[in-house]
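Computed from a predicted model, the values in this text were never measured in an experiment. FYI, the numbering just counts along the sequence from 1.
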Amino acid sequence: MADSLLKRKRFFCREWAFSKVQHCLETRPASKTCGALIMGGPGCGKTALCCELAWPTVAQGKQASLHSRLLAYHFCQAHDVDTLSLVTFIRGVVEQTARSDLIPGYKEKVQEAAIQRLLEPAECERNPDEAFKQAFLHPLQALTPPGHTLMVLVDSIDESYLQSINERATCSRTIAELLAAHHALFPNWLLLVCSSRKQSKSVTRMFTGFRKISLDDLRKSHIVRDVQQYILCRLDQEEGLRQHLSRDTAEMLNQLHIKSNGCFLYLEKASRRLQGCLG
């Protein structure tokens, strides 16, 4: 996976979203659901938020605290078929968990010959459900719970669903199907955090019991504040925008939070276009 490409984007705002993930994490042991689903339309910042959890851009803050409890992560990318592979996903989360210091004892369990056979690429592709259960879920269930809850992060699970075929199958065909089929087996000290476009109804229905975190619902005051804060942060950090600030351009920028419909990509492109026109 091209981690460097994911990490390059600057990050602004979203403190409230980190607080919601934190709340889900803290209440996981007593919760009836094992997961949280970050939702929104294209360009609203779902992947940027997930990147901030995987690679925080600040040394302190909510995202850094959440990162310290991240057991494993996976980013599905439409342009990279390998990231949509069940084999890549399963082997990736197993390898990350085995390397992690957050949950001692797991590495020894997955080194057993029977589990290693299930993780062989051909065998894993033939029976991904069994590989996921025997190599990831069951070993975690057998361990002594850690001192605090941890999480697994999977970004853009609906991208994997786009690769699904219409034939009937006896096993999971996508990462979304795999997680939907087995999320109930996650131990109560482990939170599953996924992201998906809200338009991907076929996928979001698979996770109906998950806590929903919408990033672009402009009926929520904290999301409107996010958009406004994003514009102010861009003005604060970019001299090219700031030097052209006037009464007219300030009014144009003020209207962006309405026109953007919560899409940060729109805000980014609009501010670049404005800077280009005024420059």
Side-chain angles (χ1 to χ4, degrees), residues 1 3 18 21-36 50-56 62-76 83 85-155 157 171-172 175-194 207 209-211:
M1 184 189 306
D3 288 356
F18 294 130
V21 175
Q22 181 76 37
H23 177 74
C24 292
L25 195 61
E26 298 300 343
T27 59
R28 168 68 182 109
S31 178
K32 295 180 180 179
T33 178
C34 75
C50 291
C51 284
E52 192 67 9
L53 293 174
W55 308 285
K62 290 186 175 68
Q63 57 265 57
S65 176
L66 289 167
H67 172 73
S68 70
R69 295 164 70 171
L70 182 61
L71 186 64
Y73 61 81
H74 183 84
F75 286 77
C76 300
T83 68
S85 161
L86 279 170
V87 176
T88 300
F89 170 70
I90 294 169
R91 287 168 59 91
V93 296
V94 167
E95 289 171 6
Q96 289 179 66
T97 305
R99 293 195 306 266
S100 176
D101 297 326
L102 297 175
I103 185 72
Y106 175 83
K107 181 179 181 179
E108 290 72 22
K109 289 185 177 295
V110 297
Q111 285 177 340
E112 296 177 5
I115 292 180
Q116 287 299 308
R117 281 195 296 272
L118 285 172
L119 290 173
E120 288 292 330
E123 182 61 23
C124 191
E125 184 172 13
R126 188 183 70 81
N127 197 342
D129 296 272
E130 193 67 13
F132 189 56
K133 287 188 294 182
Q134 297 298 331
F136 187 67
L137 294 174
H138 289 175
L140 290 178
Q141 292 170 340
L143 294 174
T144 301
H148 48 227
T149 49
L150 305 176
M151 64 179 174
V152 170
L153 174 68
V154 185
D155 178 53
I157 54 171
C171 65
S172 298
I175 295 171
E177 289 180 354
L178 182 75
L179 292 173
H182 304 297
H183 64 72
L185 296 178
F186 273 59
N188 69 355
W189 49 264
L190 187 61
L191 178 75
L192 174 60
V193 180
C194 300
F207 304 92
F210 277 35
R211 290 281 186 89

So which atom in [X] and which in [Y] form the shortest heavy-atom distance, rounded to 0.1 Å?
| X | Y | result |
| --- | --- | --- |
| L66 | M151 | O-CE, 3.3 Å |
| Q63 | P56 | O-CG, 4.0 Å |
| L191 | G35 | CD1-CA, 3.8 Å |
| L178 | P128 | CD1-O, 4.0 Å |
| S68 | L102 | O-CD2, 3.5 Å |
| L118 | A131 | O-CB, 3.7 Å |

*Do F18 and S65 pass the side-chain contact (heavy atoms from CB on, under 4.5 Å) test, and can you show the C-alpha distance, the side-chain angles, and the key distance before you say yes or no?*
CA-CA 10 Å; F18 294 130; S65 176; over 6 Å; no
*Can you tell if the side chain of F207 reaches within under 4.5 Å of the side chain of T33, non-hydrogen atoms only?*
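A side-chain contact is absent here, since even the closest heavy-atom pair is not under 4.5 Å.
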Using atom types as modelled and distance alone, determine if a side-chain donor or acceptor of [X] lies under 3.5 Å from a backbone N or O of [Y].
| X | Y | answer |
| --- | --- | --- |
| Q141 | L185 | yes |
| Q116 | V110 | yes |
| S31 | T27 | no |
| R28 | P187 | yes |
| H74 | T83 | yes |

*To the nearest 0.5 Å, what is the distance between CZ (F89) and SG (C76)?*
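Reported value, rounded in 0.5 Å steps: 7.5 Å.
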*Out of curiosity, I103 CD1 to L190 CG, how far, rounded to the nearest 0.5 Å?*
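Between atom CD1 of I103 and atom CG of L190 there are 9.0 Å.
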*Passes side-chain contact (heavy atoms from CB on, under 4.5 Å), H148 versus R69? Steps please.*
CA-CA 8 Å; H148 48 227; R69 295 164 70 171; 3.8 Å; yes
*asked:* Can you confirm whether more than 12 heavy atoms, excluding those of E125, are under 6.0 Å from its CD atom?
replied: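 Atom CD in E125 is not crowded, with 12 or fewer foreign heavy atoms closer than 6.0 Å.
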*asked:* I'd like to know whether NZ of K107 has more than 12 heavy-atom contacts from other residues, nucleotides or ligands below 6.0 angstrom.
replied: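 Atom NZ in K107 is not crowded, with 12 or fewer foreign heavy atoms closer than 6.0 Å.
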_Passing candidate, side chain to side chain contact (heavy atoms under 4.5 Å, CB included) with F136, options I115, T97, L119_ =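 So the option named by the test is T97.
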*asked:* Could you check whether E123 pairs with R126 (Lys NZ or Arg NE/NH1/NH2 to Asp/Glu carboxylate O, under 4.0 Å)?
replied: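 Salt bridge between E123 and R126, a charged N being under 4.0 Å from a carboxylate O: yes.
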*asked:* Looking only at the aromatic ring of each residue, does the gap between the centers of F210 and H183 stay below 6.0 angstrom?
replied: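 Centroid distance H183-F210: below 6.0 Å, so yes.
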*Run the side-chain contact (heavy atoms from CB on, under 4.5 Å) check on Q96 and L71 step by step: do they pass?*
CA-CA 7 Å; Q96 289 179 66; L71 186 64; over 6 Å; no
_Go through it in stages, so that I can follow the logic: the residues are L86 and I175, the test is side-chain contact (heavy atoms from CB on, under 4.5 Å), and I'd like the CA-CA distance, side-chain angles, deciding distance and then a yes or no._
CA-CA 6 Å; L86 279 170; I175 295 171; 4.1 Å; yes
